[in-house]
Each structure stands twice: as structure tokens, then as C-alpha cells.
Amino acid sequence: MKKELAKTYDPKSIEERLYNSWLEKKYFRATVNKDKTPYTIMMPPPNITGQLHLGHCMYTIQDIMIRFKRMQGFEALWLPGTDHASISTEVRIVNAMAKEGLTKADLGRDEFLRRAWAWKDEYGGRIVSQLKKLGASCDWDRERFTMDEGLSDAVLEVFVRLYEKGWIYRGEKLINWCPHCKTTISDAEVDHEDKNGAFWHFKYPIDGTDEFLTFATTRPETMLGDTAIAVNPDDERYKKFIGKTVTVPIVKREIPIIADSYVDIEFGTGVVKITPAHDPNDFEIGIRHNLPIINIMDDDGSMNENAATYKGLDRYEARKKIIAEFKDLGLFVKEEPITHSVGIHERCNIVIEPLIKLQWFVKMEDMAKPAIDVINQGKLRIYPERFTKNYMGWLENIRDWCISRQLWWGHRIPAYYCEDCGEITVSKTAPDKCAKCKSTTLRQDEDTLDTWFSSALWPFSTLGWPNDNEDLSYFYPTDTLVTGYDIIFFWVVRMVFSGMEQMGDIPFKDVLINGLIRDEQGRKLSKSLGNGADPLEVIDKYGADALRFCLITGNAPGNDIRFNWTKVESSRNFINKVWNATRFIMMNMTDEEIENTPDNLTATDKWILTKMNEIVKEVTANIEAYELGIAVQKIYDFTWDEFCDWYIEMVKPRLYNKEDKTRDAALYTLKAVLINILKLLHPYIPFVTEEIFLTVQNKEETIMLSRWPRYDDGLRFEAETNEIELVKDAVKAIRNIRGEMNVPPAKKVKIFVVSSDEKIAQSFKRAESYVKTLAGSSEVFIQSDTAGIDDGAVSIVIPGGTIYLPFDELVDVEKEILRLSAEVKKYENEIERAEKKLANEGFVKKAPQALIDEEKGKIEKYKEMLRGAKEQVERLGTHH
RNA sequence: GGGCGUUUAGCUCAGCUGGGAGAGCGCCUGCCUUACAAGCAGGAUGUCACAGGUUCAAGUCCUGUAAUGCCCACCA
């Protein structure tokens with residue numbers, strides 16, 4: 001029984017069904033196949049805490065590339081997975097526990113982790129199932145999780161290797177501390193926000209004198225940790241004080257006045273208080289001058305025992321109290337309002353504190369270099385290219401990476417401390433005794449690793465590394481990484497240096513950077529704003545295909561995209577157009593298949609086949625260059641404008657006349673072009689194209705997924721193409737005149753095509769049937785003179801001839817003359833323009849020949865039309 | 001303080017390596033033409049931010065200016 005398409009396009013009835021059948025048939029499976037070339041994309045793993053939001057819908061780009069390559073015959077692997085997202089997940093679990101009145105300490109590590117895994121089991125699959133709704137053609141059999149067994153093994157392996165190489169070390173350094181999350185965070189996780197604050201000026205009494213040194217600070221509480229006062233060695237004002245001491249009043253600490261060129265004479269008072277434990281610059285100065293480092297803060301941001309009477313106070317409480325106390329002491333000078341940049345933890349928006357802590361770091365210097373080199377050597381390319389600057393800038397200024405986190409959800413650091421001798425043993429498996437003193441009382445480091453430590457290994461850990469295997473050697477290096485510009489630093493850079501270090505090769509050849517999706521007002525999507533449409537709602541209303549289509553259309557790589565509903569709707573309308581075009585074709589189709597190209601193709605058929613062939617070529621090139629938006633625009637225009645609005649309309653008379661000898665040729669062409677359109681569209685809108693394809697082919701099983709159309713040298717019919725374009729122009733001109741003259745659409749008119757050129761006469765002869773329907777004509781007369789044409793007929797000049805439209809109503813001859821005179825003027829201008837151009841020596845000498853020929857051709861064409869138009873003016877004039 | 005974008009039709013945006021300005025939506029006119037009113041035919045609208053420069057030729061390349069946005073940065 002012949003299949004049929006439903007009357008209206010309804011995505012809901014097809015998308016889920018098709019996706020399930022794809023899964024069943026394992027279309028997305030990719031395995032080692034030596035006969036094929038692999039094409040691999042590793043999906044940026046979404047957080048298990050996440051829900052599908054519009055941002056994830058940019059995964060469509062990956063799906064388009066994968067489907068395109070799969071159709072081209074590559075062994076296309078799109079490997080999906082999720083990220084444990086240590087801090088983000090842990091915060092959620094802690095919050096959920098808080099509702100039960102529980103804390104991490106109450107539960108203990110094991111119980112906490114049990115809960116965390118339960119959480120993962122419950123929510124970790126959510127985002128994955130939502131991606132399926134979007135149509136993602138991943139090889140789900142290969143789905144990985146950053147904390148699954150294999151990936152955890154990779155993490156330990158890398159940690160141990162780097163430790164043994166001396167590139168992972170433990171050290172006491174200034175780190176970014178989040179007092180809310182009570183963990184360190186990396187530099188990349190600190191956002192800088194300009195905040196309104198105050199610049200408080202205080203003075204310290206100089207010991208042994210009655211003089212003071214006035215300085216300013218934005219964080220008065222750090223005075224508790226001051227261990228020096230610094231001035232510039234060349235500052236005449238303060239030279240005399242260098243070497244003396246001041247006393248920090250509130251803690252009665254005597255500290256030296258030191259000279260350091262870091263201090264800017266011009267800025268503030270030229271005097272800087274030095275707090276090595278709580279400021280990066282001060283820390284450096286502290287090291288240079290061998291200053292004591294006094295940590296005054298506890299992990300929650302409150303003052304600790306070094307803060308004397310302020311112990312236990314929150315940092316901001318302490319600040320207030322200290323200011324008040326300085327006022328009492330008469331050592332407060334003034335308060336200036338100031339906006340300054342403050343470090344904020346991007347997750348919780350709490351002001352971070354620089355603190356000294358004993359942490360694990362990755363030494364970056366040696367690893368950064370190869371990651372820079374691969375760009376310079378052109379082995380790794382970033383699209384659009386401008387993002388390479390971001391990438392390089394970050395790597396060139398990189399600092400050691402703090403990788404230890406005071407969290408439980410994550411990969412626990414494989415370092416074991418001997419309780420007896422303090423020796424550190426780093427090992428993938430827990431050692432039973434200390435390597436140095438043989439003690440068996442060993443304690444594993446409590447901390448876990450930065451979540452990006454594991455995702456940095458994603459391109460190879462997901463393929464089974466560190467175990468050598470076929471998958472790894474076949475699919476690695478991967479081909480394209482597609483991700484947003486917001487995680488170049490976090491992730492892209494780290495994958496590159498990890499790949500270079502562990503695999504000795506780049507993790508991917510191309511990085512395609514996509515923009516961020518914004519809401520309808522152009523704002524960034526954010527959880528707190530709750531803005532942005534819910535993709536599931538969009539899919540529910542318009543279908544995944546429409547959503548995919550709308551996100552890709554009219555977007556250039558790397559540019560942000562503003563979501564808007566009307567765009568989704570017009571995408572859906574386009575899909576509906578394809579749907580209905582198919583219905584029309586099927587309505588007319590006969591049961592027997594036309595296997596081979598018929599030999600009675602008409603000019604019209606050859607014209608559309610030529611156009612289609614061109615589109616195939618261009619679209620393929622565009623997609624290969626990651627120009628997805630340009631490509632889809634071309635398919636859109638070709639489908640709607642050329643195919644539906646012109647070709648189908650042109651072909652209708654042939655279809656309606658069962659006796660027409662070229663009916664089969666029309667049907668063949670309709671189907672051939674339709675199928676190619678479906679294929680070109682398939683990567684973008686996989687569901688509906690598949691549904692249509694199966695219906696048209698009357699099949700249950702697709703072959704569409706496996707074959708991308710190829711450019712065919714045999715499908716270039718230049719003469720026919722020119723012929724049809726000429727007729728199209730004529731039809732357009734007739735419609736135009738009809739509109740201008742307010743001729744009702746239902747009104748059929750006679751058309752006289754007058755030309756002494758036999759070729760043109762033949763062209764219109766061949767086109768007669770559809771010119772009638774397209775131009776609303778009762779009869780088309782093709783003749784070499786104006787015999788029988790009413791004097792009052794409206795005329796249209798075409799290259800090589802004139803078309804007359806005798807309307808029943810009397811034409812206003814004055815107006816007609818005016819109209820035709822305007823045409824005359826137009827042609828004269830065109831000719832003048834082209835002649836000027838050709839008279840330009842420089843142009844003739846340097847412009848490409850094709851362009852010169854084109855201009856010459858124009859002159860000929862317009863001269864002809866000019867002559868015709870003049871004749872018409874004359875004719876009307878004498879008639880008048 | 002550096003770096004990178006953006007500025008094109010009323011709105012949202014395309015425009016690849018320089019060779020006569022485009023789409024969608026909106027707007028105006030007219031059509032329920034037996035695939036589609038989620039449609040058809042026709043139409044209007046742009047000193048391509050500004051100023052210089054290179055070139056036979058600039059929305060496209062160079063320099064500068066202005067507006068706007070983002071990223072990076074230890075000036076207390």
C-alpha cells in the first residue's frame with residue numbers, strides 16, 4: 001500500500017517515533033572501520049545538574065556536521081557524555097540536604113557520596129534524554145561520564161604521571177578562596193566585577209617620631225595581617241623613613257617601612273600597606289623582602305586567632321569595627337568613594353578572598369608551549385580565526401593551575417600522607433605502607449580535583465585511554481570541537497595541552513566556536529533571570545526541526561544569536577512548505593518508478609536540474625567550511641523560490657495533461673530534485689526530511705542517512721538555463737504590468753510575443769503552456785510581426801523581442817508613453833554605465849576577462865531593449 | 001590599561017577570498033488559483049555609523065573617530 005503524508009505537517013507525530021527507530025537500527029553507531037575515514041566529534045559534556053536550555057541547542061551544529069559527514073560516507077562518531085561538575089553538583093546536593101536539616105559534616109564523606117551518586121542516577125540522565133528530543137545523532141552506546149570507572153582511571157593516571165614528572169606539586173601559595181563554598185577556585189573561575197566601594201585612608205604612627213604614614217586601602221580588615229609598609233625607593237617624600245618601623249595600632253605589631261619599586265609614586269598617597277597573606281602583589285613583595293605571612297582569616301571568611309580581638313567576626317563586621325576604632329584613635333584620615341574591580345566567585349557571586357593555603361598545582365610553563373606551537377604551526381585551527389587571540393593570550397600569560405578543591409564530589413587526589421614521617425606517596429592505588437618509613441598509618445588527601453582536570457582529558461579518556469586500543473588509534477585525534485567562546489580558557493586550552501602531553505598529538509584539528517544564545521531582549525541567558533524560552537516548549541509547539549533550523553539560519557559562526565519566536569515560526573513554515581510540495585508531487589506520481597533519466601527532459605527540467613546541481617556544489621563547500629548559515633540559506637531559497645514557486649508551477653500543465661509526452665520527465669525531475677533537497681536539508685532538519693523521504697520512497701528503512709548528493713558534471717545545461725531565465729523574466733514583467741494596471745488576477749489576457757529571432761520564438765513556443773497559467777493568459781500568440789495586435793496594447797520589451805498585452809480597457813496612452821520613456825531612460829543609463837566602465841583603461845587592463853565580457857554583453861542586451869522601447873514610444877506617439 | 005566584536009531596510013540579522021546591496025518578520029495592493037492562507041502574485045523602504053586612504057573598482061582592505069557590547073588585567 002502506498003504511503004501518504006498527513007494533510008498538515010505535525011512534528012509531534014513524527015519526531016519521537018523516528019528517533020526511536022534510528023536508535024533501534026543503530027544508525028548512530030560508529031565503530032572502527034578500516035574501509036572508511038573516521039570523522040569524530042566529542043560532545044562537550046553537559047553538567048549532570050543541568051536541564052536542557054537554549055544554549056544546549058547549539059549542539060545542533062555538531063549534529064549537522066556529524067550527519068553531513070555520515071552521509072558523505074565517513075565513519076562519523078559523535079561521542080556523548082556528561083560531566084560530574086564537582087562544585088555545581090555538590091552545591092545542589094548540599095542545598096537539598098539543608099532542607100532536611102543536614103550538613104556534610106553530619107553525614108560524613110561516604111554517606112555524602114552515596115547521596116551524590118543517587119543524585120547522579122536520578123538527574124544525570126535527564127539532559128541526555130532531552131538531547132534526544134533535539135535529534136542529536138550521538139552514538140549513545142559510547143556515552144561516558146567524567147566519573148565513571150574508565151575516566152577516573154585516566155584522571156589518576158595523568159595525575160601520577162605529572163606528579164612524577166614534577167609538573168604537579170604541592171605548595172603553599174596564594175589562591176582564590178570562596179568563603180561561601182569553602183574551597184579554592186582557579187583563576188578562570190573568578191569573575192571581576194566593578195563595584196562601588198570606598199577607599200579608606202588611615203595613618204600608622206612612625207615609631208620613634210611623631211610623624212605618620214598615610215595610606216589607603218579598600219579592605220581595612222587586612223590591616224590585621226600587615227607585615228610591612230612600602231614606599232617607592234625614589235620617592236623623595238618618604239626616603240627618609242625607609243628602614244624605620246611603624247606600629248599597626250589595633251594589633252600593636254611593629255612592622256618595617258620597606259622600599260619597593262612596585263609602589264606607584266603617583267597613585268594614592270604613594271604608601272602601600274603590605275599584607276602578604278591576602279593579596280597577590282603583597283605576596284610577591286613579601287617574598288622579595290622576606291616578610292612574615294600572617295593569615296588572619298578562617299575558611300568562612302571570618303577573622304581567626306591572628307586577628308586578636310576581632311577573632312570570630314565576619315570580614316565585613318571586622319572592617320566596620322576597625323574603621324570605627326581608627327576613628328577613635330584619631331588615625332582615620334578620610335573615606336573616598338571608589339569603584340574598583342572585585343573578584344567574585346562565578347558560581348555563587350560571593351567576593352573571593354585571596355588566601356595562602358597548601359594546595360596542589362599544575363606547573364603550566366612547559367605544557368603551555370606545545371599548545372601554543374600547534375596554533376603557530378597551523379596544526380590546530382580555530383574558526384572564526386579571531387578567537388585564536390583569546391586562546392593565545394590566555395596561554396601566554398598562564399599561571400600555575402590550582403587543581404585541589406575542598407569538595408567531596410569529584411576525583412579524590414591520589415596522594416597519601418604518612419602519619420608517622422610525613423612522606424607523600426602518590427599512586428593510582430592506595431599503598432599499604434609508607435614508601436619511606438614503612439608505616440601503615442597512611443591518610444589519603446581529603447581534597448578532590450578541579451572538575452576541568454577530568455574534562456581536559458575528554459577527547460582521549462572517552463576512547464579508553466590509558467589503555468591502548470583500536471578505538472583510540474582510529475578516532476584520535478578527533479576532527480572538530482564545537483563549543484562556545486565562554487569556555488575556551490576553561491576547557492579548550494586544557495584539552496589541547498593535555499592531549500599534547502599525554503597523547504603527543506592534538507585532540508582535534510578544528511575548533512568551531514559558536515556564539516551564545518540570548519533572549520529576545522538580547523540579554524544573556526541566566527538562571528537568576530529565568531529568561532529565555534524553554535527549548536522543550538519550543539519543540540512542543542513547533543518541533544525540534546523548526547528549532548534547529550531557526551538557530552542556524554542567518555547566523556555567522558561565533559556570533560551571538562537572539563532567540564525569537566517569529567523566527568521559529570517562519571522556520572516551521574518553511575518545513576511546511578517542503579511538506580506540502582511533497583504532497584503535491586505524490587498526488588501526481590504514478591506507481592511505476594522511473595529509474596533512469598528520461599531522454600525527453602524539457603528545457604524547464606534541465607533548468608531546474610542545472611540549478612540544483614549548482615546548489616549541491618555550493619552547499620557542500622559551505623558546510624565543509626563551517627558556513628552552515630550560508631548553506632542553509634541557499635537551500636531555503638532554492639527550495640522555496642526556484643523549486644516551489646517556479647518549477648512546480650511551470651510543470652503543472654504537463655502533470656494535469658495525462659497525454660503530455662513529457663509528463664514522465666516532469667515527474668522524474670520533480671522527484672529527483674525533491675530528494676536532493678531532502679538530503680541537503682537532512683542535517684539541519686533530520687526528522688521531517690526522513691519522514692518525507694520514507695513516504696516518497698514508500699519504504700520503512702532509510703537510505704537517506706548514507707548518501708550526500710554529489711555534484712554532477714553531466715547536469716549543466718547552459719542554453720536551457722538561459723532560455724528559462726528569459727521566459728521567467730518575461731512572466732515577471734507581465735505580472736508586474738498586470739499589477740500596475742490593476743488587471744484582476746482572474747482576468748485572462750491574450751499575450752503576443754513578437755520576435756524575429758527564431759530562437760526566442762521557439763523558447764516561448766516551448767513555454768507556452770505554463771506562460772499561460774503563470775501570467776494569467778487565455779492565449780499566447782507567437783509571431784514575427786505585429787499583425788492583428790490591437791493598437792492600444794501595452795508592450796513589454798524583452799531582449800530580442802516585444803510582448804504585447806491587449807487589455808480590453810482603453811489604455812491611457814499618455815501614461816503608457818511616460819512608462820516606456822522611463823524604460824528608455826533606464827536602458828540608456830545602463831548602456832552609458834557599462835560603456836563608461838569599458839572606456840576606463842584601468843578596468844579593461846586589470847579586471848578579469850569574464851567581467852569585461854559581462855559588461856559587453858550587457859551593452860548588447862540593453863541596446864536591443866533600448867531600440868525596442870524607442871519603437872514602442874514612437875508607435876504610441878503616431879497612434880496618438 | 002590591554003585585546004576582540006558590533007554598527008547594513010521599521011525590527012532581527014546574512015553578505016566567503018573587493019566587481020552593480022540581501023533574507024525573515026513587519027508594512028502597502030490584490031488573490032480562498034484543485035500542494036500549502038503555516039499560502040500565492042505584485043510593491044515600497046538602505047549617503048552599508050562617520051572621516052580619510054589604497055584600488056580601474058570598497059559594505060568588503062588600511063588608518064583614524066564616535067557609539068555600543070564582550071573578554072582579559074595584581075595598581076593598593
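Naming convention: chains lettered A, B, ... in sequence-line order (proteins, then strands); numbering from 1 in each chain.
With the nearest nucleotide of RNA chain B identified for both A:Tyr485 and A:Lys732, A:Lys732 has the one nearer the 5' end.
No donor-acceptor contact under 3.5 Å links the side chain of A:Glu855 to the base of B:G19. Taking only distance into account, the side chain of A:Lys524 never meets the base of B:G69 through a donor-acceptor pair shorter than 3.5 Å.
The side chain of A:Phe489 lies closest to B:C71, out of B:C71, B:G20, B:C13. Of the listed nucleotides (B:C4, B:A14, B:A73), B:A73 has the atom at the smallest distance from the side chain of A:Trp394. Closest contact between the side chain of A:Ala556 and the listed nucleotides B:A14, B:G42, B:A76 involves B:A14. Checking B:U12, B:C16, B:G20 against the side-chain heavy atoms of A:Glu627 singles out B:C16 as nearest.
Residue pairs meeting the ring-ring contact (aromatic ring centres under 6.0 Å, His included) criterion with at least one member in residues 539-558 of chain A, sequence neighbours excluded: A:Phe549-A:Phe574. Within the structure, side chain to side chain donor-acceptor pair (under 3.5 Å) contacts touching residues 841-855 of chain A (residues at least two apart or in different chains) are A:Gln849-A:Asp853, A:Glu855-A:Lys858.
Put simply, CG on A:Asn176 is 11 Å from C1' on B:C74, counting in whole angstrom units. Atom CZ in A:Arg523 sits roughly 18 Å away from atom C1' in B:U68 (whole-Å rounding). When rounded to the nearest whole Å, the span between CD1 of A:Ile561 and P of B:C13 equals 10 Å. When the P atom of B:U7 is taken as reference, atom CG of A:Asp560 falls 13 Å away, rounded to whole Å. Atom pair A:Gln521:CD and B:U68:P shows a separation of 20 Å (rounding to whole Å applied). If you measure from atom CD1 of A:Ile737 to atom C1' of B:G43, you get 14 Å, rounded to the nearest angstrom. One interatomic measurement links the two molecules: OH of A:Tyr204 to P of B:A76, which rounds to 17 Å at whole-angstrom precision. Atom CE in A:Met392 sits roughly 16 Å away from atom C1' in B:C72 (whole-Å rounding).
Around atom NZ of A:Lys748, more than 12 heavy atoms belonging to other residues, nucleotides or ligands sit under 6.0 Å away.
Taking atom P in both B:C16 and B:A49, one finds a spacing of 14 Å when rounded to whole Å.
The residue A:Asn559 sits close only to the backbone: its heavy atoms come under 4.0 Å of sugar-phosphate atoms, none of a base. Using a 4.0 Å heavy-atom cutoff across all strands shown, A:Arg738 reaches no nucleic acid atom at all. Among the atoms of the strands shown, base atoms are found under 4.0 Å from some heavy atom of A:Glu830. Among the heavy atoms of the strands, none lies under 4.0 Å from A:Lys634. Using a 4.0 Å heavy-atom criterion, one finds that A:Gly629 contacts no nucleic acid atom at all.
For the salt bridge (charged side-chain N to carboxylate O under 4.0 Å, His left out) test, no residue two or more places apart in sequence or in another chain qualifies with A:Arg381. Here A:Phe687 pairs with A:Trp22 under the ring-ring contact (aromatic ring centres under 6.0 Å, His included) rule; sequence neighbours left out. Remark: A:Glu15 engages no residue in a salt bridge (charged side-chain N to carboxylate O under 4.0 Å, His left out) (not counting sequence neighbours). In terms of the salt bridge (charged side-chain N to carboxylate O under 4.0 Å, His left out) criterion, residue partners of A:Glu835 (sequence neighbours excluded) are, by chain and number, A:Lys863.
A heavy-atom distance below 4.0 Å to RNA chain B is reached by these residues of residues 214-224 of chain A, ordered by number: A:Ala216. Taking every heavy atom of residues 540-547 of chain A and every atom of RNA chain B, no pair lies under 4.0 Å.
Under a cutoff of 6.0 Å and an axis angle of 45°, A:Lys652 and A:Phe584 form a cation-pi pair. Stacking of A:Arg319 on the aromatic ring of A:Trp200 is not recorded, the 6.0 Å distance cut-off and the 45° axial limit not both being met.
Between the side chains of A:Tyr485 and A:Asn390, no donor-acceptor pair of N or O atoms lies under 3.5 Å.
The aromatic rings of A:Trp565 and A:Phe563 sit perpendicular to each other, their planes meeting at more than 60°, with 30° as the lower class boundary.
Distance check: A:Asn555 CG to A:Glu627 CD gives 12.5 Å after rounding to the nearest 0.5 Å.
Residues A:Met741 and A:Leu805 fail the side-chain proximity criterion, which asks for heavy atoms closer than 4.5 Å.
For the side-chain contact (heavy atoms from CB on, under 4.5 Å) criterion with A:Ile677, the lone passing option out of A:Thr639, A:Ile615, A:Thr689 is A:Thr639.
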Exercise for the section: With pairs defined as Watson-Crick or G-U wobble and both distances under 3.5 angstrom, please note down RNA chain B as a dot-bracket string, | for pairing with another strand. Expected result: (((((((..((((.....[..)))).(((((.......))))).....(((((..]....))))))))))))....
Fill in the blank from the handout: A correct 5'-to-3' footprint of nucleotides 22-41 of chain B, with B, S and - meaning base, sugar-phosphate only and no protein heavy atom under 4.0 Å, is -SS-----S----BB-BSSS
Produce the list of close N/O pairs, under 3.5 Å, pairing protein atoms with atoms of nucleotides 8-10 of chain B; give distances to one decimal.
none

Between the protein and nucleotides 54-63 of chain B, list the N/O to N/O atom pairs that are separated by less than 3.5 angstrom.
unit_1, atom_1, unit_2, atom_2, d
B:C56, OP1, A:Lys846, NZ, 2.3
B:C56, O2', A:Asn840, ND2, 2.6

